[in-house]
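What follows is a set of notes on a single structure, which appears directly below.
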Amino acid sequence: MSDSETVRPGFLAIELDGAGWDGAGFKGTGFKGASPEGTGFASLAEAVLSAESAGFHVATFTDTPAPGRVNALQRAAYAGPITRTIAVVPEVDTVYTEPFHVATQLASLDYVSGGRAGWIATAAESREAAAAVGRSFVGGAALGQEAAASIEVSRRLWDSWEDDAVIRDVATGRYIDVDKLHYVDFDTAADFETPADFAGPAYSVKGPSIIPRPLQGQLPVLVAASLLGDGLVDANAVDAVLVSAPTPELLAAEVRDVRGRLGGSAAVIAELDVVLDARGQAAAERLAGTDSGRATYAGSAAGLVDLLAPLLAEADGVRLRPASLAVDLDELARLVLPELRRRGALRAPVQDGTFRDLLGMERPANRYAGTPTAAGAGS
Amino acid sequence: MTQHSSATSDDFTPTGKLQFGIFFQGVNSGTIWKAAESGSQTDFESFRRIAQTAERGLFAAFFLGEGLRLREHLGRPHALDVVGRPDAQTMLAALASVTKNIGLVATQNTTYNDPADLAHRLSSLDLISGGRAAWNIVTTDNAWTGANFRRGGYLDHADRYRHAEAFVETAKRIWDSWETPDGPARRVLHEGQHYTVHVTPRLPRSAQYRPVLFQAGDSPEGRNFAARQADVIFSAHPKFADAVEFRKDLVARSLAAGRGANAVQIMPASEFILAPTAEEAAEKKEWVRSLQIGPQQAVAYLEQFWGRELSEYDPDGPLPDIDPVVEETSETRGSGFHGAKARQLADQWRAEAKDKGLSIRQFVTSRTARVDATFTGSYSAVADQLAEYTRVGAVDGFNISPWLIPTGLDDIVNHLVPELQERGVYPTEYRGTTLRENLGLQTPVPSSETVRA
């Protein structure tokens with residue numbers, strides 16, 4: 001995350017939505033990819049273990065509505081206990097969800113993955129999502145505010161138990177030290193400072209969390225660069241920013257630009273869609289008719305290595321979205337990651353490391369440690 | 001399975017088999033944390049260990065409770081019992097990848113969830129686990145819990161079951177809406193007093209069609225609700241005579257609701273304290289009780305009802321002679337103990353304890369231990385006792401709360417299960433891969449009403 005002279009090798013994330021952005025989608029049972037251009041894996045377990053053994057550092061799980069796509073957080077939780085090195089990072093919406101549920105689910109994800117969990121906080125601009133939960137549609141700047149509020153509540157709830165709150169003191173009969181639990185008293189209308197004129201429906205959350213502090217203290221929070229800015233999500237509130245550009249050639253410049261604006265406070269992760277020449281078919285043919293609107297690399301594995309090596313020197317990491325998970329992951333595992341490692345561009349995966357370790361971040365101190373306690377705050 | 005909508009109560013047929021569930025308890029005095037062998041209540045390893053032990057013992061289901069606000073004691077978080085538990089669905093999704101057959105039951109509240117969102121997440125768990133998900137439906141109606149949620153405590157007490165039933169009906173319509181394996185789904189619209197749902201469901205049916213529904217209420221409204229909606233009722237009547245009575249009542253309610261006599265299964269909450277001999281089991285029970293209700297817990301229990309600190313009272317002495325604080329309402333003191341009721345209750349308890357010569361600690365133990373729900377004895381004696389339940393079909397199984405985590409099922413799986421198998425009243429293998437198959441439940445058929453809705 002710093003511009004030191006020695007280039008730190010980067011990391012690679014892979015989007016495991018199971019469908020790829022060509023939209024084949026899961027069919028039927030939800031996991032057994034019926035389409036040859038779909039997942040191609042017999043199970044989620046097979047897909048995530050393949051990504052881990054290929055040397056990917058992070059698996060992400062998209063949650064945009066699509067027929068057959070199961071809840072992203074649960075897919076990440078499923079992957080947690082059967083993996084050892086790969087971080088599991090679901091997208092979770094902040095607009096039409098209950099912040100208390102989101103925070104405790106993510107904290108739980110950290111427990112089931114041994115501290116390898118993260119959160120891509122998204123803000124759904126969706127009339128369908130609003131209608132599904134009977135809420136008014138939220139759009140425009142309010143999306144960033146909802147995301148900011150949800151991130152703030154979650155962070156307070158994760159800190160609402162100090163690390164040593166569970167004492168199990170047989171002599172005094174106390175399981176917890178109540179002085180180390182804290183009411184978060186979050187209120188969008190009153191004391192949530194950014195922004196003062198919260199545009200979504202105001203709400204409050206009391207706390208404390210129902211689960212002790214996550215293993216990492218705070219899960220790394222990732223957001224798209226488009227959600228950052230004045231009156232939106234504060235750069236200091238996030239741990240990593242996802243950066244996209246219209247073409248691969250523009251990515252490095254965009255990464256530099258975002259890093260400059262962030263002032264080094266968060267990791268920068270470049271987004272790249274990938275279609276490789278594979279199984280006797282040219283990438284250009286496989287690409288035909290698809291357009292995600294994001295930077296897309298279509299071509300040979302060698303060409304992708306030449307693109308990624310310098311990009312990994314510029315960004316902290318790159319997230320790849322393969323057009324077809326099985327087909328492209330196969331090529332990536334055989335031809336791309338080994339060559340990147342040989343060139344010293346890729347970090348070695350660490351068994352049982354945390355996601356924060358991967359991002360080069362310390363385990364944070366608890367904001368409430370040593371502050372007045374939960375005493376008498378019950379209402 | 002013989003089920004007819006025109007059945008009479010005589011058509012109830014005992015299955016002759018028991019099924020076990022495990023209820024991984026979080027927050028109460030039932031789970032011992034003071035013993036040397038007590039493990040973590042939050043580490044995934046505890047959950048994995050106990051779920052895999054249950055699966056080795058062919059348990060039908062693994063239940064998790066739900067926490068939505070920490071219990072409080074005199075205005076501060078309650079400090080003496082196990083507290084803090086992970087989110088049920090997240091934990092169960094993780095357990096799905098390290099288990100194969102056991103059902104995964106998430107307790108989820110109808111008040112603090114959105115129906116479309118919850119139905120979608122339960123479908124997700126069902127698909128991710130290969131058809132092993134279930135929903136233990138509970139209702140809450142207080143603003144105190146609501147303080148943690150966007151919508152707050154928006155539900156009137158009187159509406160709780162009406163609301164819950166509309167919620168469950170909406171969820172069922174969402175699950176019924178995916179017509180063929182490839183979809184598409186019909187849109188589901190619900191416009192009600194409490195919420196509006198307008199959604200195109202995104203997930204197909206699972207291997208067991210839809211999540212199995214458990215229900216845990218015991219009031220007449222709760223029982224009627226279960227008789228209309230649930231597959232299994234998680235009852236509070238494990239004692240033999242009570243269990244037989246409860247079965248009769250539920251069969252009658254199921255028939256009145258137009259369902260078969262066997263349509264709703266019964267699994268009472270229970271606790272097992274077992275040993276090779278009756279004497280050892282009795283000793284073990286003393287030990288378990290002493291760790292469940294220590295001196296501090298005993299006094300704290302009374303403090304909840306007295307509404308004041310009682311630390312000057314000796315746990316091994318008589319009940320406090322001072323009167324409870326009388327206040328109009330307190331969410332944390334329990335709904336039965338407001339106002340004048342508190343003094344009346346204190347008088348009643350003092351008289352009872354004096355009569356029986358019980359100290360504070362003995363009195364509280366007698367009230368809080370799962371007295372009715374505890375099976376104590378040698379493995380073979382308890383197996384005989386349980387076989388008797390199956391003979392008349394008093395219950396379909398037991399939902400066991402182990403008093404120790406994560407080793408609390410070991411003696412049940414290693415000793416009680418084989419005794420039951422020898423008696424022919426417990427499965428010797430899983431019947432199938434889905435929870436519905438393992439419970440012997442029929443695949444739901446969408447009612448014509450639901451299809452046309």
Side-chain angles (χ1 to χ4, degrees), chain A residues 27-31 44-45 65-71 73-75 77-82 96-101 104-105 107-109 111-112 114 128 131-134 161 166 168 170 172-178 181 201 203-208 210-212 374-379, chain B residues 33-34 42-44 48 67-70 72 75-77 79-87 89-91 93-98 112-114 116-117 120-121 123-125 127-128 144 147-150 181-185 195-200 202-204 206-207 294-297 332:
Chain A
K27 289 197 174 171
T29 60
F31 282 121
L44 172 60
R69 180 177 286 151
V70 309
N71 180 271
L73 199 141
Q74 288 186 26
R75 278 184 286 146
Y78 182 93
I82 54 173
Y96 300 108
T97 48
E98 283 285 357
F100 191 84
H101 287 320
T104 55
Q105 285 164 5
S108 303
L109 180 64
Y111 279 91
V112 305
E128 173 76 6
V133 298
W161 292 55
V166 175
R168 300 169 76 115
V170 176
T172 61
R174 291 183 309 151
Y175 181 82
I176 51 166
D177 179 349
V178 174
L181 259 52
Y203 64 90
S204 59
V205 174
K206 183 75 184 169
I210 44 112
I211 177 172
S379 56
Chain B
W33 57 265
K34 292 174 191 167
T42 35
D43 287 356
F44 183 70
R48 189 195 62 76
L68 299 177
R69 183 146 179 195
L70 293 188
E72 287 180 4
R76 286 159 57 95
L80 302 175
D81 301 331
V82 169
V83 53
R85 54 181 163 192
D87 172 71
Q89 286 187 78
T90 308
M91 200 46 104
L95 285 170
S97 68
V98 295
Y112 307 107
N113 279 294
D114 289 305
D117 177 56
H120 178 73
R121 283 188 288 126
S123 278
S124 287
L125 183 62
L127 288 165
I128 219 166
W144 181 74
N148 279 335
F149 296 92
R150 282 182 191 261
D182 291 324
Y195 53 80
T196 298
V197 173
H198 197 192
V199 65
T200 302
R202 301 199 301 271
L203 292 178
S206 76
Q296 298 93 348
Q297 272 106 337
T332 57

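This one's a predicted model, so the numbers in the text were calculated from it and none came from an experiment. Within every chain, numbering begins at 1; the chains are lettered A, B, ... in the order of the sequence lines, protein sequences first and strands thereafter.
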_For chain B, which candidate among Ala66(A), Gly80(A), Gly173(A) shows the most heavy-atom pairs at distances under 4.5 Å?_
Gly173(A)
*asked:* Under a 4.5 Å cutoff for heavy-atom pairs, which residue among Thr196(B), Thr90(B), Asp43(B) has the most contacts with chain A?
replied: Thr90(B)
_Nearest-0.5 Å distance that lies between atom CH2 in Trp144(B) and atom NZ in Lys206(A)_ = 11.0 Å
*Name the option with the most non-hydrogen atom pairs under 4.5 Å to chain A; the candidates are Asn148(B), Val197(B), Thr200(B).*
Asn148(B)
*Top contributor to chain A interface from Gly84(B), Pro86(B), Ala94(B) [non-hydrogen pairs under 4.5 Å]*: Ala94(B)
_For Ile211(A) against Arg85(B), the heavy-atom pair lying closest together_ = CB-O, 3.6 Å
_As an exercise, state the distance from CZ of Arg69(A) to NE2 of His120(B), rounded to the nearest 0.5 Å._
9.5 Å
*Asn113(B), Val98(B), Leu80(B): which one forms the most heavy-atom pairs within less than 4.5 Å of chain A?*
Leu80(B)
_Ser123(B) portion near chain A, given a 4.5 angstrom heavy-atom threshold_ = neither
*Could you pull out the closest heavy-atom pair between Leu203(B) and Gly68(A), with the gap in Å?*
CD2-C, 3.5 Å
_Once salt bridge (Lys or Arg N to Asp or Glu O under 4.0 Å) is applied, do any residues pair with Asp81(B), and if so which ones, sequence neighbours excluded?_
Arg71(B)
*Specify which of Gly134(A), Ser108(A), Pro99(A) makes the most heavy-atom pairs with chain B at under 4.5 Å.*
Ser108(A)
*Can you tell me how far the NZ atom of Lys34(B) sits from the CZ atom of Arg168(A), to the nearest 0.5 Å?*
11.5 Å
*Separation of Tyr111(A) OH from Asp87(B) CG (nearest 0.5 Å)*: 13.5 Å
_Can you give me the closest heavy-atom contact between Val178(A) and Ala79(B), atom names plus distance?_
CG2-CB, 3.4 Å
*Do you know which of Val199(B), Asp117(B), Leu68(B) has the most heavy-atom pairs with chain A at a distance under 4.5 angstrom?*
Leu68(B)
*asked:* One pair to check against side-chain contact (heavy atoms from CB on, under 4.5 Å): Val166(A) and Trp33(B). What are the steps and the verdict?
replied: CA-CA 11 Å; Val166(A) 175; Trp33(B) 57 265; over 6 Å; no
*Give the C-alpha distance, both sets of side-chain angles, the deciding distance and a yes or no for side-chain contact (heavy atoms from CB on, under 4.5 Å) between Gln89(B) and Leu73(A).*
CA-CA 10 Å; Gln89(B) 286 187 78; Leu73(A) 199 141; over 6 Å; no
*Between Trp161(A) and Val83(B), what is the shortest heavy-atom contact and its length?*
CH2-O, 3.5 Å
*Partner set under side-chain hydrogen bond (donor to acceptor under 3.5 Å, both in side chains) for Arg48(B), not counting sequence neighbours*: Glu45(B), Gln52(B)
*Under 4.5 Å heavy-atom distance to chain A, tell me which part of Tyr195(B) shows up: side chain, backbone, both or neither.*
neither
*Is it the backbone or the side chain of Asp114(B) that comes under 4.5 Å from a heavy atom of chain A, or both, or neither?*
side chain
*Distance-minimising heavy-atom pair for Asn71(A) and Arg121(B)*: ND2-CG, 3.5 Å
_Side chain / backbone / both / neither for Leu95(B) at chain A, heavy atoms under 4.5 Å_ = neither
*asked:* Let me confirm one number: the CG-CD distance from Leu125(B) to Gln74(A), rounded to the nearest 0.5 Å.
replied: 5.0 Å
_Testing the basics here: between Arg69(B) and Ile210(A), what is the closest heavy-atom pair and its distance to 0.1 Å?_
N-CG2, 3.8 Å
_chain A contact via Val82(B) - side chain, backbone, both or neither, heavy atoms under 4.5 Å_ = both
